[in-house]
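First comes the structure, then the notes that go with it.
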Amino acid sequence: MDKHELPYIQDMFESIAFRYDLLNRTLSLRQDITWRNKLVQTLNISQHAKILDVASGTGDVAMSIRNQFALTTIHCIDFSFNMLSLAQKKIKSPSNDLHIYTSCADAFDLPYPKMYFDAVTMAFGIRNVVKKERLLHSLFHHVKPGGQILILELTLPEMIVLKKMYLLYFKKLLPAIGQLVSKSNFAYTYLPESVISFPSSPAFSQMMRRSGFENVQWLPMTAGICTLFVGQRPLCL
Ligand SMILES: C[S@@+](CC[C@H](N)C(=O)[O-])C[C@H]1O[C@@H](n2cnc3c(N)ncnc32)[C@H](O)[C@@H]1O
């Protein structure tokens with residue numbers, strides 16, 4: 001693991017892995033599926049594209065890509081062995097096996113050549129990374145010129161009243177449900193904290209630009225509780 005990262009993140013995901021999907025569906029009222037599908041619909045790729053899905057977790061982004069772009073090759077990386085083993089179970093079908101690969105690796109230490117991917121995706125992972133800009137910079141080098149980066153992250157609603165109500169749910173109700181189902185005291189207290197401390201959408205977009213991406217745009221979804229960030233590596237080197 002990158003020595004700058006929070007040491008407990010990996011352990012946390014190892015411990016909640018087996019309840020992760022259930023909690024995602026419950027706590028988001030199944031909106032998480034719609035959000036990932038939107039990310040995949042925004043991919044601007046050819047049928048035979050190579051895609052890197054960073055912080056793949058249990059493989060939901062890869063499965064959504066597989067459903068919408070049947071001939072792409074998808075490389076999934078995550079540093080949680082338990083999360084990835086659940087991804088492998090989902091992927092396990094003869095047709096998927098041919099084109100979806102999984103690696104237990106740190107996002108800061110990618111086992112791929114530079115300029116290898118047509119697109120890089122990352123859903124709900126960058127919030128957990130301390131050195132966000134450093135990671136964006138490293139991902140930039142793995143995207144081909146003209147290729148895309150698509151990042152999905154939980155964010156806070158902009159409307160004040162909505163934000164207050166959401167924070168109430170997020171700080172009180174969500175940790176209680178999360179703790180009950182996942183049996184982890186820490187994970188679902190950490191979740192709201194990590195979302196609250198995530199940069200604003202303009203600030204995060206600026207980080208993407210500083211890392212080299214252009215045409216950076218963000219799309220708030222479900223009243224702004226999730227945001228899709230999209231950028232492109234310039235065609236000229
Ligand atoms: C909230 S989950 C998201 C999983 C999946 N992308 C999804 O859409 O449900 C965050 C994932 O990021 C992984 N992760 C966090 N930091 C990482 C890092 N530095 N390198 C690799 N994986 C990381 C965790 O192990 C976890 O599986």
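In listed order, ligands and their atoms are each counted from 1. Numbering of residues begins at 1 and proceeds along the displayed sequence. Since the structure is predicted, the reported quantities are computational estimates derived from the model, not experimental observations.
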For ligand 1, note which part of [X] has a heavy atom under 4.0 Å away: side chain, backbone, both or neither.
{"X": "Met122", "answer": "neither"}
{"X": "Phe124", "answer": "both"}
{"X": "Asp60", "answer": "neither"}

- Taking every non-hydrogen atom, the tightest pair across Ala62 and Cys76: CB-SG, 3.6 Å
- Query: Is it true that Asp118 and Lys144 make a salt bridge, defined as a side-chain N closer than 4.0 Å to a carboxylate O?
  - Reply: yes
- Task: Answer yes or no: is there an ion pair linking Arg36 with Asp53, defined by an N-O contact shorter than 4.0 Å?
- Result: no
Any N/O of [X] closer than 3.5 Å to an N/O of ligand 1?
{"X": "Val61", "answer": "no"}
{"X": "Ala107", "answer": "yes"}
{"X": "Phe13", "answer": "no"}
{"X": "Asn128", "answer": "no"}
{"X": "Ile77", "answer": "no"}
{"X": "Arg127", "answer": "no"}

Kindly indicate whether the side chain of [X], heavy atoms from C-beta on, has any atom under 4.5 Å from the side chain of [Y].
{"X": "Leu154", "Y": "Phe124", "result": "yes"}
{"X": "Ile9", "Y": "Phe13", "result": "yes"}
{"X": "Leu135", "Y": "Lys131", "result": "no"}

- Query: Which of the atoms in ligand 1, numbered in the order shown and given with their element, are less than 4.0 Å from a heavy-atom of Arg36?
  - Reply: 7 (C), 8 (O), 9 (O)
- Task: Under 4.0 Å from a heavy atom of Gly57: give me the atoms of ligand 1 that qualify, with their elements.
- Result: 4 (C), 27 (O)
- Task: May I ask whether Gly59 places a heavy atom under 4.0 Å from ligand 1?
- Result: no
- Message: Quick check: His142 with Tyr116 (ring centres under 6.0 Å apart)?
- Response: no
- Among Ser56, Ala62, Ser80, which residue places a heavy atom closest to atom 5 (C) of ligand 1? Ser56
- Distance only, no hydrogens: is a donor on one side chain within 3.5 Å (strictly under) of an acceptor on the other, for Glu153 and Thr227? no
- Would you call the rings of Trp218 and Phe229 parallel, tilted or perpendicular if under 30° counts as parallel and over 60° as perpendicular? tilted
